[in-house]
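In this text, all values refer to a predicted model and were calculated from it rather than measured experimentally.
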Amino acid sequence: MGVLAAVLAAAPAVHAATAPAQEASGSGEVRRIDAAAGKITIKQGAISDLQLPAMTLVYHIDPALLKNIRPGDKVSFTATRKGGQYVVTRISK
C-alpha cells in the first residue's frame, strides 16, 4: 500500500472540467428543417466567435423554436457550441 499511496499523493488532481459553451449570433437562410430529429440546416455567413466560416451547417434545435420557420426564410439566430455540437438557442425571421 505504501507505493500506491505515494503514487496517488504525487499525481496531480484531475477534475472533470467541461469547457464552457461558446455562444454567438449569426444570420442566414434556412435550407432544410427536420423537426422530428430536432435539426435545421442554415446557409450562413461567417460566425467568427464560433470560428465558423461562411457555410451551410446542420444545427440541433428545439422543435418548439421552429413554429413559424420555413425553408427559404432569412433568419437571425443565436447558437452555442459545446462539446463539438452546434445548437440554435434562439431564432427569428
Side-chain angles (χ1 to χ4, degrees):
M1 282 300 244
V3 174
L4 180 58
V7 169
L8 292 175
V14 177
H15 299 282
T18 57
Q22 294 174 296
E23 183 176 83
S25 296
S27 61
E29 180 182 337
V30 176
R31 294 300 186 136
R32 193 171 295 142
I33 294 174
D34 184 347
K39 294 182 179 180
I40 185 170
T41 304
I42 301 174
K43 182 177 181 184
Q44 67 192 40
I47 304 175
S48 59
D49 288 345
L50 293 178
Q51 300 168 345
L52 291 173
M55 63 191 300
T56 300
L57 184 63
V58 177
Y59 289 90
H60 293 274
I61 190 167
D62 180 341
L65 296 175
L66 296 170
K67 190 167 134 180
N68 296 315
I69 305 296
R70 304 284 177 259
D73 286 347
K74 304 283 187 203
V75 295
S76 296
F77 61 96
T78 301
T80 62
R81 176 177 60 206
K82 185 167 185 172
Q85 288 194 327
Y86 295 93
V87 180
V88 171
T89 57
R90 287 180 229 121
I91 189 166
S92 63
K93 293 185 196 183

Peer 1: At what distance, to the nearest 0.5 angstrom, does CD1 of Ile33 lie from CG of Leu66?
Peer 2: 5.0 Å
Peer 1: To the closest 0.5 Å, what do you measure between CD1 (Ile61) and CG (Asp34)?
Peer 2: 11.5 Å
Peer 1: Do Phe77 and Ile47 come within less than 4.5 Å of each other through their side chains, counting heavy atoms only?
Peer 2: yes
Peer 1: As an exercise, state the distance from NZ of Lys67 to CG of Asp62, rounded to the nearest 0.5 Å.
Peer 2: 12.5 Å
Peer 1: Please tell me if the side chains of Leu57 and Gln44 come closer than 4.5 Å, counting only heavy atoms from C-beta onward.
Peer 2: yes
Peer 1: Check for me, please, whether Leu65 and Val87 land in the same ILVMFWY cluster - side-chain distances under 4.5 Å, paths through other members count.
Peer 2: no
Peer 1: Starting at CZ of Arg32, measure out to NZ of Lys43 and round the result to the nearest 0.5 Å.
Peer 2: 13.0 Å
Peer 1: Closest heavy-atom contact between Asp49 and Glu23?
Peer 2: CB-O, 4.5 Å
Peer 1: Between Arg31 and Pro71, what is the shortest heavy-atom contact and its length?
Peer 2: O-CB, 3.8 Å
Peer 1: Is there side-chain contact between Lys39 and His60, with heavy atoms separated by less than 4.5 Å?
Peer 2: yes
Peer 1: What's the shortest heavy-atom distance between Lys93 and Ile69, and which atoms?
Peer 2: CG-CD1, 4.0 Å
Peer 1: Checking the side chain of Arg81 only, and the main-chain atoms of Leu50 only, is there a donor and an acceptor separated by less than 3.5 Å?
Peer 2: yes
Peer 1: Are Val58 and Val75 linked, directly or through intermediate hydrophobic residues, by side-chain heavy-atom contacts shorter than 4.5 Å (ILVMFWY only)?
Peer 2: no
Peer 1: Which heavy-atom pair separates Ala35 from Pro63 by the least distance, and what is that distance?
Peer 2: O-CG, 3.4 Å
Peer 1: Please tell me if the side chains of Tyr86 and Leu52 come closer than 4.5 Å, counting only heavy atoms from C-beta onward.
Peer 2: yes
